[in-house]
Structure formats: structure tokens, C-alpha cells
Novice: 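If you scroll down you'll find the structure; I have some questions about it.
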Amino acid sequence: MSVIAHRKNVEIPAAAGQADRTAIASLVPATISFLRKAIRSGTRLLMHVAEVFAEARLQRAAIEAELYLNRYKHSSKNDDDLPIVR
């Protein structure tokens, strides 16, 4: 009787091999999905940074046009040598 009970508890080798394959097969799409999401969020971050810098350049150009009537460029390091416009 112990032999029969033992045979019922033994796993079938083909089924065990398929279980390993499904674990690996489910790991690959999960890894690809994670990488895709990471690349997408990194790209969005870089695009946001580029838009922020572009907007800062546009605002600076608008301020220079308003203050100096497009005759001078503002430099925050040495704006003492700008001529006085009257």
C-alpha cells in the first residue's frame, strides 16, 4: 500500500518542466513591461526638462524685448556696463 500512496504523490516530470517554462515565460513579459514603463517615464522627464528650458528662454527674450526694446541683451553677471538709454 505504501508503494501506491507514494506513486500518487509523485509529480509527473513533463508537468514539472512545463511549470518552470511558464514561470520563465511570465517573467519575460513582466521585465519587458517594467523596462518599457521606465523608458517611457524617463523620456517624459527629459521632454519636461527641455520644455522648461525652452519656456525660460522665451520668457527671458520677452523681458529683454520689453526692457531694452531689443537693443541690448541682459546679462546678470555684468549688467553694470550697459549704457543708459534715455
Novice: What's the verdict on side chain to side chain contact (heavy atoms under 4.5 Å, CB included) for Arg40 and Arg36, showing C-alpha distance, side-chain angles and the deciding distance?
Specialist: CA-CA 6 Å; Arg40 187 182 318 136; Arg36 186 178 296 151; 3.8 Å; yes
Novice: Measuring from Ile32:CD1 to Leu27:CG, what's the distance to the nearest 0.5 Å?
Specialist: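 Atom-to-atom, Ile32:CD1 and Leu27:CG are 10.0 Å apart.
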Novice: Which distance, rounded to the nearest 0.5 Å, do you find between the CZ of Phe34 and the CD1 of Ile39?
Specialist: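 Between Phe34 CZ and Ile39 CD1, I get 10.0 Å after rounding to 0.5 Å.
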Novice: Can you tell if the side chain of Arg60 reaches within under 4.5 Å of the side chain of Glu64, non-hydrogen atoms only?
Specialist: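 Yes, close enough: below the 4.5 Å cut-off.
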Novice: Can you check whether Lys37's main-chain N or O pairs, donor with acceptor, with Ser41's side chain at less than 3.5 Å?
Specialist: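 Looks like yes, one N/O pair under 3.5 Å.
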